[in-house]
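Each chain gets a letter, A, B and so on, in the order the sequences are listed, and its residues count up from 1.
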Amino acid sequence: MSELKSQQKRDENESKWPVWYEPLHVCAQSGARAGVVHTPHGSFETPTFMPVGTQATVKALSPEEVKELGAGIILSNTYHLWMRPGEDIVREAGKLHRFMNWDRSILTDSGGFQVFSLSDSRHIKEEGVHFKSHLDGSRHLLTPELSIKIQHALGADIIMAFDECSPYPADRAYIKASLERTTRWLERCVATHEAAPEAAEQALFGIVQGGMYADLRRQSLEQVLSHDLPGYAIGGLSVGEPAETLYAMLEAVTPLMPSDKPRYLMGVGTPDYLIEGTIRGIDMFDCVLPTRIGRNGTVMTSQGRLIVRDQRFARDFNPIDPNCDCYTCRNYSRAYVRHLIKAGEIFGLRLTSLHNTYFLVNLMKQVRQAIFEDRLLDFRDEFFAAYGYVK
RNA sequence: GGGAGAAUACCCAAGUGGCCAAAGGGGGCAGACUGUAAAUCUGUUGUCAGUGACUUCGGUGGUUCGAAUCCGCUUUCUCCCA
């Protein structure tokens, strides 16, 4: 695409969508993209890592802290806020941004992941998914229409289509049927969304499924792309498959995705996946990993993962990561963090959550810089060597 | 001074003849965690070799084919009465 044509496309997207992608640079060495995603609540630089705040809070962190560590966009969750406190309350509060005091971008997941993670207490049907509430066992039906309506009430800048995040392993017939149902659900999501006034300020992203079958991934992509949407996501990965499989699935679809729209790899959060995903053309990632493993006593460092709760750190008065300049590493030692975690002190969870989230957000900043310098493959190799990944 | 009761592994605590190296908690140690039912979950926790052996239930001496469990003595602790 010529410079002029891509500029035209950009202008077109800007006027057409509440959320649009501004490409800035493609890494000559890796083909990875750096850009900016513009939303009604500010812009965020890509590639980026999005911390997850399922229940309208990034667990253990205040919005100010999440902001300070550099996150430009966070996630929240349709299913959980629907169950509690109820989307009507969030709407009444002035929608999510006001409710949780976060003035940057927000993305809400549709509840599609809960179709996967709450598999013991739900039934999938064509109309939607019947859930038994994990809170009180009450029965509920989440449909594509309802998911979109709830997400309208929540008011995130980016909302997700209601999909089935299919399990792994799963046979081809199941995956094919599942992805086709997800496609039909997408049509219903789009119809509901486009008919609503909220479409002016919220952008609906479609989700590519297809399990671990490259041709089914392509089929799903084709169906999703038949809707002109402001962004596209890849779902149903990082569900237990080998890394090579995940990479292969990305390679099956990202080259066919439009270059003027953001691409979001859902639920992916280890450093290797972030880097390899970016190399394969992904712009956005989210994951509970940094906050969850943080709360459970594990930290990520430039030299690899550490279970900082382990005894070997009892007298280690160095920072968690000597190369990190987050609040935790600037002020506290491994020994202190370990002590807090062992003692069950809340502050310990806060320090590890803060560090881990900073680590991934900051990693993506470095990745972005490497893209601009056309040296992302070199950066990857350097990072992996220090982190302890064997390539 | 008299009487009653209790002592079990790092801690608390089950167990009152064999199925007991000994339940269950806690603590310790280790691991897992990927669009969050997760400040959670799993494994392990006498010793040594690892399908077995050895040493353990305050100490000691007995009874018995067999004892953490029954008996004698003893030590310590708690409570009650003087």
Side-chain angles (χ1 to χ4, degrees), chain A residues 49-61 73-84 106-122 131-137 147 151 156 158-166 168 182 205-209 233-243 246 264-274 276-277 282 284-300 305-314 337-338 340-353 356-357 360:
Chain A
F49 176 78
M50 308 183 283
V52 180
T54 303
Q55 308 206 68
T57 172
V58 178
K59 292 187 194 294
L61 301 179
I73 173 170
I74 59 174
L75 257 70
S76 200
N77 187 276
T78 300
Y79 170 84
H80 288 280
L81 296 178
W82 175 42
M83 290 292 114
R84 181 172 58 191
I106 300 178
L107 181 154
T108 43
D109 185 35
S110 61
F113 183 72
Q114 280 63 44
V115 178
F116 168 76
S117 66
L118 302 179
S119 58
D120 290 341
S121 47
R122 117 268 106 143
F131 283 101
K132 273 182 75 177
S133 163
H134 69 286
L135 297 173
D136 62 5
S147 176
Q151 294 188 79
I158 298 171
I159 67 176
M160 299 305 299
F162 186 62
D163 67 334
E164 180 193 358
C165 176
S166 47
Y168 175 85
T182 287
F205 280 21
I207 303 173
V208 176
Q209 289 290 341
I234 300 169
L237 291 177
S238 199
V239 287
E241 77 283 6
L246 184 150
Y264 163 29
L265 176 55
M266 307 183 77
V268 158
T270 53
D272 55 335
Y273 281 4
L274 296 186
E276 296 288 359
I282 301 297
M284 301 159 63
F285 304 85
D286 79 283
C287 200
V288 305
L289 200 68
T291 45
R292 180 181 290 171
I293 69 174
R295 289 194 308 280
N296 295 330
T298 299
V299 291
M300 292 177 272
R305 246 161 97 147
L306 299 180
I307 303 181
V308 73
R309 132 172 67 81
D310 281 0
Q311 189 174 48
R312 62 193 176 109
F313 300 114
V337 172
R338 171 181 189 270
L340 294 181
I341 299 272
K342 294 297 286 186
E345 284 293 342
I346 297 170
F347 192 45
L349 314 182
R350 292 176 28 72
L351 290 177
T352 50
S353 296
N356 281 342
T357 307
L360 291 186

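- Rounded to an integer number of Å, the gap from A/Ile341 CD1 to B/G27 P is 15 Å.
- As a whole-Å value, the separation of A/Phe113 CZ from B/G35 P is 5 Å.
- Remark: A/Asn77 is in phosphate contact with B/U36, judged by side-chain N or O atoms under 4.0 Å from OP1 or OP2.
- Separation of the P atoms belonging to B/A14 and B/U47 is 25 Å when rounded to the nearest angstrom.
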Any protein N or O atoms within reach of nucleotides 31-33 of chain B? Criterion: under 3.5 Å, listing atom names and distances.
residue, atom, partner, partner atom, Å
B/G31, OP2, A/Asp310, OD1, 3.1
B/G31, OP2, A/Asp310, OD2, 2.4
B/G31, O6, A/Arg309, NH2, 3.4
B/A32, N6, A/Arg309, NH2, 3.3
B/C33, OP2, A/Arg305, NH2, 3.4
B/C33, O2, A/Asn296, ND2, 2.9
B/C33, N4, A/Thr298, OG1, 2.7

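- The gap from the P atom of B/G35 to that of B/G28 amounts to 29 Å, rounded to the nearest Å.
- The side chain of A/His80 has B/A37 as its nearest neighbour among B/A37, B/U34, B/G35.
- Rounded to an integer number of Å, the gap from CG of A/Leu118 to P of B/U36 is 10 Å.
- Within 4.0 Å of A/Gly294, counting heavy atoms only, lies no atom of the nucleic acid at all.
- Within 4.0 Å of A/Leu265, counting heavy atoms only, lies no atom of the nucleic acid at all.
- When all heavy atoms of A/Phe49 and A/Asp286 are compared, the pair lying nearest together is CE1-C, 3.8 Å.
- Between B/C10 and B/U45, the distance separating the two C1' atoms is 10 Å to the nearest Å.
- Base-pair partner of B/A6: B/U76 (Watson-Crick or G-U wobble, both distances under 3.5 Å).
- With a cut-off of 3.5 Å on both pairing distances, the Watson-Crick or G-U wobble partner of B/A30 is B/U42.
- The OH-C1' distance, from A/Tyr264 to B/U34, rounds to 12 Å in whole Å.
- Every residue two or more places apart in sequence or in another chain was checked for a side chain to side chain donor-acceptor pair (under 3.5 Å) with A/Tyr273, and none qualifies.
- At distances below 3.5 Å, at least one donor-acceptor pair connects side-chain atoms of A/Asn356 with backbone N or O atoms of A/Met300.
- Counting any heavy atom pair closer than 4.0 Å across all strands shown, A/Ser353 reaches no nucleic acid atom.
- The partner of B/U51, taking Watson-Crick or G-U wobble pairs whose two distances both stay under 3.5 Å, does not exist in any strand shown.
- Between A/Phe113 and A/His80, the distance separating the two ring centers is not shorter than 6.0 angstrom.
- For A/Asp163 and B/G35, a side-chain-to-base donor-acceptor distance below 3.5 Å is present, hydrogens and geometry of angles not being considered.
- Nucleotides of RNA chain B nearest to A/Gln311 and A/Val239 differ in position, and the one nearer the 5' end is that of A/Gln311.
- Pairing partner, B/G18: B/C65, with both Watson-Crick or wobble hydrogen-bond distances short of 3.5 Å.
- A/Leu349 has its CG atom 14 Å from the P atom of B/A38, to the nearest Å.
- Nucleotide B/G1 forms a pair with B/C81, judged by Watson-Crick or G-U wobble geometry with both contacts under 3.5 Å.
- Residue A/Gln114 has no polar side-chain atom (N or O) positioned under 4.0 Å from OP1 or OP2 of B/G35.
- When atom types are taken as modelled, the side chain of A/Glu276 and the backbone of A/Leu274 share no donor-acceptor pair closer than 3.5 angstrom.
- Scored by the side chain to side chain contact (heavy atoms under 4.5 Å, CB included) test, A/Leu349 finds A/Arg295, A/Ile341 as partners (sequence neighbours excluded).
- Distances shorter than 4.0 Å separate some side-chain N or O of A/Arg338 from OP1 or OP2 on B/C29.
- Taking the C1' atom of each, B/U69 and B/A23 are spaced 15 Å apart, rounded to whole Å.
- Looking at residues two or more places apart in sequence or on another chain, you find a side chain to side chain contact (heavy atoms under 4.5 Å, CB included) between A/Ser119 and A/Arg122.
- For A/Ile307, the side chain to side chain contact (heavy atoms under 4.5 Å, CB included) partners are A/Thr298, A/Arg309, A/Asp310, not counting sequence neighbours.
- The ring-ring contact (aromatic ring centres under 6.0 Å, His included) check on A/Phe285 picks up nothing, with sequence neighbours excluded.
- Note: A/Trp82 and A/Phe131 have perpendicular aromatic rings, judged against thresholds of 30 and 60 degrees for the angle between ring planes.
- The distance between atom CG of A/Asn356 and atom C1' of B/U36, rounded to the nearest whole Å, is 15 Å.
- When the C1' atom is compared between B/U44 and B/A9, the two are found 15 Å apart, to the nearest whole Å.
- Between the A/Ser76 side chain and the A/Thr108 main chain, no donor and acceptor come within less than 3.5 Å of each other.
- Residue contacts for A/Glu345: at a heavy-atom cut-off of 4.0 Å it reaches no nucleic acid atom on any strand shown.
- No engagement by A/Lys132 is indicated, since no non-hydrogen atom pair under 4.0 Å with the nucleic acid exists.
- When the side-chain nitrogen and oxygen atoms of A/Gln55 are compared with OP1 and OP2 of B/U36, none of them lie within a distance under 4.0 Å.
- Using a 4.0 Å heavy-atom distance criterion, A/Ile346 is classed as a base contact.
- When each of B/A38, B/U34, B/G35 is scored by its nearest atom to the side-chain atoms of A/Arg295, the top-ranked nucleotide is B/A38.
- At B/U36, one or more side-chain N or O atoms of A/Thr54 fall inside 4.0 Å of OP1 or OP2 (strictly under the cut-off).
- Comparing the C1' positions of B/A68 and B/A13 gives a spacing of 14 Å, expressed to the nearest Å.
- Side-chain atoms of A/Lys342 lie closest to B/C29 of the nucleotides B/C29, B/A39, B/G35.
- As a whole-Å value, the separation of A/Asp120 CG from B/A37 P is 12 Å.
- Taking atom C1' on both nucleotides, B/C70 is separated from B/G18 by 14 Å, rounded to a whole Å.
- On the C1' atoms, B/C48 is 29 Å away from B/A7, given to the nearest whole Å.
- In this structure, A/His134 atom NE2 and B/A37 atom P are separated by 7 Å, rounded to whole Å.
- Residue A/Gln209 is classed as a base contact, given a heavy-atom separation below 4.0 Å to a base.
- Using a 4.0 Å heavy-atom cutoff across all strands shown, A/Leu75 reaches sugar-phosphate atoms only and no base atom.
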